[in-house]
Amino acid sequence: MTDYGMVIDLERCIGCNACAVSCSQENNVSLDKQWNRILTEGGDAMDTPEGSYPENGRDGTLSMNHLPLACQHCDNAPCVKVCPVNATYKRDDGIVEIDYDKCMGCRYCMSACPYNARVFNFDDPKTLPTDGTGNVEERKQGVVEKCTFCSHRVKEDLDPACTVACPADARIFGDLDDEESTASRYIEKYETEQLLDELETDPNTYYIRGEMSPGRTRSGNELEGTEKKAAGNPNGVATDGGDGQ
Amino acid sequence: MSSAPDAGVVVPRFGTRGKAWLALLGVLIVAGLGAWAYQLQQGLVVTGMDNIFSWGLYIMLFVLFIGLSAGGLIISSAPKFFHSKRYDSLAALGVLLSLGCIVVAGLLILPDLGSPSRVTGFLTSPDPRSPMVWDFGIVLLYGLFNVGYLWLLTRRDLAKMGSRLALGVADTPAGRERDRKRAFWAAAVAMPLAVGLHSVTGWIFATQIGRGDWFNPLVAPMFIMKALVSGLALLLVTSILVDRFTRFRFPRELVPELGKLLGIFVAVHVVYLVAAERLPHAWAAHFEFWSITSAFLVGDTIHFWLWTVIGGVLPIALLAVPSLRRRIKAVFVASVAAIVGILFEGVYLIFTGYHDVNIDAAPGVTTGTGYTGLEADIWATTGSYTPTIVELLIAVGLIAVGALIVTLGLRFVPIQPDDRTPVSAGRDDSTATTAGPVATDGGRRPDGGADGEVTGDA
Ligand code: SF4
Ligand code: SF4
């Protein structure tokens, strides 16, 4: 079986927001919300450190990190369990998805999600250009939406938009059930954490902290382990980032 | 069929005051519908809610009205269960009140939905894991039960006054006796049903790990207790008002008695359960004796104070003194305060869940509201909420629907039993109490033909 998941290497992440921007662009997300947010672990404002500047040589304590946060695609997803009408469901491949035609907008799932990963369309979506962006149909007023691991791209054997966009190669998407996938090997090898793991939601998203991994292999936009990947790189060597296939 | 066509109906016809009241309710309902139409068209952006504070006034009031709906069953079922007739004069009014409240609670969910037309999903694709599905089921069941129970309690009187609502049931002494037995069984069903209703509503919150203090096993017992408090308080308030404005007679000796009961409920709820909930946290978080004590006694938010002082200290003070609780006014004020307190307990519960965000690093969560252009600040790291006029209008409109149900009930359903020994009423305005078959004659003619119902379905 397939169980899609993501590894995010926080040591590689540089907080550039490229993934967040490409997410909104690809998924046609309204300008008053974001599915993918880049939080600053540090000061009170975005991109500010905590601690103090050095005054006498090396006594400074400044520190700052970035934490990209989107739906964690939990295995024991509380949002799925609370949805009264089965609009939110866990797919067999591990992706937690919403059926926008079933969602009645009760927002119980928003209360249930400990990560505040879900957003609601309080009114009509606003995008620039106004007829939308990217490759996903707009969601109407009155439904809840969130990250889908770019299920429309995964269907085409492509990596999610954020994963491709990351200039630091900090995002690795893959099949957690396949022991040979890069994601599985990194989870095995590096120290990873699942956010709020004490709540036992068992997310499919793992964060590397501590030692930096080699990151995502730069070998095109295609999803690892698919035929398309093999065809896209006949020699198994990426020279063009996959753009020239 | 009857020599007393209005027997037991406490509002035989609407006078000027009655018509003005109906007109007021009508205006409120129309205003609420208008506000709802506006909200449907604009979206929930016209409410005070956002992506962090995703449930507001509608759910706070839903919780309140679920609790309020307990009153009827406390007073009509519990005594029946012990074969006591002491509170019979309040039974039908209580059930009518429960019915009005549960309808309001159920309706309050509709404006909370972003896409209300899809509410049919509850029937077409329910997920049995969802506490909201459990609640949907039990609210529906409870509402239907109240309709059936009210009819069971009043159908002989309906028959006697020749009302079509009797649905062909005849008024016979034997029938009344059988209904008395059925009412006992209905009471036996009513109590677990009510416990289920309030617990399940509590579990909507208590199952949620992501919203701070919601995840607390005490929430469901607290919901039962607050249903007892607010339900009884509303019954007292309504009985006093209905006694004042209609021919209904609220036996005076019941006032201090029920007042005392309310005082006990409030004490158990606000003093005991709140202490039981707060003490372990305060003890674990503090070291010195006095800091433990103050952490446990001193609340943090205004809602907490509104709840514990208005809804706790004040009613207990009024109801603890025997000479005070014999006064209708004192009991009335205490009851209103208790309801206000329970309202703010619900508000407090929602706020504790939404104020803090689990992962609250800057810039936080996108609110999804208040977007004015690319330069707009769409971020927040804590939840905040103030209801808007639209929400208030819709909520008041729905409450008016409940009031209308109760009012029409007073007009068409004989809630004042007229076949018992006269109760010692506070005032003497004699209602027609003649020709009522005495229920205690034990006459048991096999006269089942007139009864459309069998005991087995209770
Ligand atoms: S992160 Fe939130 S929305 Fe995503 S699966 Fe987990 S609980 Fe559901
Ligand atoms: S808002 Fe939609 S997806 Fe969320 S619980 Fe309600 S119906 Fe399900």
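Just so it is clear, the values below take in all heavy atoms, side chains as well, and ignore hydrogens, waters and symmetry mates. Below, chain A is the first sequence line, B the second, and so on; all start at residue 1.
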S.K.: Taking B/Asp135, B/Ile109, B/Asp50, B/Val133 one by one, which has the highest count of heavy-atom pairs under 4.5 Å against chain A?
M.R.: B/Asp50
S.K.: I need the A/Leu39 CG to B/Ile359 CD1 distance, nearest 0.5 Å.
M.R.: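 Here the rounded value is 7.5 Å.
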S.K.: Pick one of side chain, backbone, both or neither for A/Ala45, based on which atoms fall under 4.5 Å of a heavy atom in chain B.
M.R.: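 For A/Ala45, backbone heavy atoms alone lie under 4.5 Å from chain B.
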S.K.: Quiz question: by atom type and distance under 3.5 Å, do the side chains of A/Asn121 and A/Glu145 form a donor-acceptor pair?
M.R.: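 On atom types as modelled, these side chains qualify, holding a pair under 3.5 Å.
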S.K.: Report the option among A/Ile38, A/Thr48, A/Asp101, A/Asp47 that has the most heavy-atom pairs separated by less than 4.5 Å from atoms of chain B.
M.R.: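 Answer, by heavy-atom pair count under 4.5 Å with chain B: A/Asp101.
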S.K.: Could you check which of B/Gly353, B/Gly364, B/Gly370 has the highest count of heavy-atom pairs closer than 4.5 Å to chain A?
M.R.: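 The candidate making the most pairs under 4.5 Å is B/Gly364.
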S.K.: For chain A, which candidate among B/Ser130, B/Pro126, B/Gly121 shows the most heavy-atom pairs at distances under 4.5 Å?
M.R.: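 Result: the option with the highest number of such pairs is B/Ser130.
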S.K.: With respect to chain B, which residue among A/Met110, A/Gln34, A/Arg37, A/Lys33 yields the maximal number of heavy-atom pairs within a distance under 4.5 Å?
M.R.: A/Arg37
S.K.: Tell me which of these, B/Asn358, B/Leu113, B/Ile52, has more heavy-atom pairs under 4.5 Å with chain A than the rest.
M.R.: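 Top count of heavy-atom pairs under 4.5 Å with chain A: B/Leu113.
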S.K.: Looking at B/Pro116, B/Gly210, B/Gly368, which has the largest count of heavy-atom pairs under 4.5 Å with chain A?
M.R.: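 Heavy-atom pairs under 4.5 Å are most numerous for B/Gly368.
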S.K.: Answer yes when A/Glu193 and A/Arg209 have at least one side-chain N-carboxylate O distance shorter than 4.0 Å, and no when they do not.
M.R.: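 Yes, this pair counts.
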S.K.: Could you look at A/Val144 and say if it's the side chain, the backbone, both or neither that has a heavy atom under 4.5 Å from chain B?
M.R.: neither
S.K.: Mind ranking A/Cys113, A/Gly142, A/Gly43 by heavy-atom pairs under 4.5 Å with chain B and telling me who comes out on top?
M.R.: A/Gly142
S.K.: List the steps, then state whether ring-ring contact (aromatic ring centres under 6.0 Å, His included) holds for A/Tyr190 with A/Tyr186.
M.R.: CA-CA 6 Å; A/Tyr190 296 91; A/Tyr186 283 5; 5.6 Å; yes
S.K.: Using a 6.0 Å cut-off, check whether atom CD of A/Glu55 has over 12 heavy atoms from anything other than its own residue.
M.R.: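 Result for CD/A/Glu55: open.
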S.K.: Could you tell me which of B/Ile378, B/Leu40, B/Asp127 has the largest number of non-hydrogen atom pairs under 4.5 Å with chain A?
M.R.: B/Asp127
S.K.: Please classify the contact between A/Leu31 and chain B as side chain, backbone, both or neither, with a heavy-atom cut-off of under 4.5 Å.
M.R.: both
S.K.: Does any heavy atom of chain A fall under 4.5 Å from the side chain of B/Ile204, the backbone, both, or neither of them?
M.R.: both
S.K.: At a heavy-atom separation under 4.5 Å, does A/Cys106 approach chain B through its side chain, its backbone, both, or neither?
M.R.: both
S.K.: Determine the sole option in B/Leu398, B/Val63, B/Asp112, B/Leu110 for which the side chain to side chain contact (heavy atoms under 4.5 Å, CB included) test with B/Tyr58 is passed.
M.R.: B/Asp112
S.K.: Quick one: is the NZ or CZ of A/Arg153 closer than 6.0 Å to the six-membered ring centre of A/Phe173, and within 45° of its axis?
M.R.: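 No.
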S.K.: Can you tell which part of A/Ser30 gets under 4.5 Å to a heavy atom of chain B, answering side chain, backbone, both or neither?
M.R.: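 Neither part.
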S.K.: Have A/Asp3 and A/Asn204 got a donor and an acceptor in their side chains that come within less than 3.5 Å?
M.R.: yes
S.K.: Distance alone, cut at 3.5 Å: any donor-acceptor contact between the side chains of A/Tyr115 and A/Thr201?
M.R.: yes
S.K.: Quick check on A/Leu128 against chain B: is it the side chain, the backbone, both or neither that has a heavy atom closer than 4.5 Å?
M.R.: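 For A/Leu128, side-chain heavy atoms alone lie under 4.5 Å from chain B.
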S.K.: Assign the ring pair B/Tyr142 / B/His198 to parallel, tilted or perpendicular, where the plane angle (0 to 90°) is split at 30° and 60°.
M.R.: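 Perpendicular.
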S.K.: Quick one: of A/Ala112, A/Ser111, A/Ala117, who has the most non-hydrogen atom pairs under 4.5 Å with chain B?
M.R.: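 Sorted descending by pairs with chain B, the first entry is A/Ser111.
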S.K.: With a 4.5 angstrom heavy-atom cut-off, is it the side chain or the backbone of A/Lys126 that approaches chain B, or both, or neither?
M.R.: side chain
S.K.: Between B/Gln42 and chain A, with a heavy-atom cut-off of 4.5 Å, which part of the residue counts as in contact: side chain, backbone, both or neither?
M.R.: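 For B/Gln42, the backbone is the part near chain A, not the side chain.
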S.K.: Any luck finding a side-chain donor-acceptor pair between A/Thr88 and A/Arg118 under 3.5 Å?
M.R.: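 A/Arg118 and A/Thr88 do have a side-chain donor-acceptor pair below 3.5 Å.
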S.K.: Counting the benzene-type ring for Trp, do A/Phe149 and A/Tyr4 have ring centres under 6.0 Å apart?
M.R.: no
S.K.: Against chain A, label B/Trp379 side chain, backbone, both or neither, depending on which of its atoms sit under 4.5 Å from a heavy atom there.
M.R.: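 For B/Trp379, side-chain heavy atoms alone lie under 4.5 Å from chain A.
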S.K.: Mind checking whether B/Phe53 and B/Phe351 have ring centres under 6.0 Å apart?
M.R.: yes
S.K.: Tell me, for B/Thr207 versus chain A, whether the close heavy atoms (under 4.5 Å) come from the side chain, the backbone, both or neither.
M.R.: side chain
S.K.: Between the side chains of B/Asn216 and B/Glu277, is a donor N or O closer than 3.5 angstrom to an acceptor N or O?
M.R.: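 The criterion, which ignores hydrogens and geometry beyond distance, is satisfied for B/Glu277 and B/Asn216.
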S.K.: Check whether B/Tyr354 gets within reach of chain A through its side chain, its backbone, both or neither, counting any heavy atom under 4.5 Å.
M.R.: side chain
S.K.: Give, as side chain, backbone, both or neither, the part of A/Asp123 having an atom under 4.5 angstrom from any heavy atom of chain B.
M.R.: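 Both backbone and side chain of A/Asp123 come within 4.5 Å of chain B.
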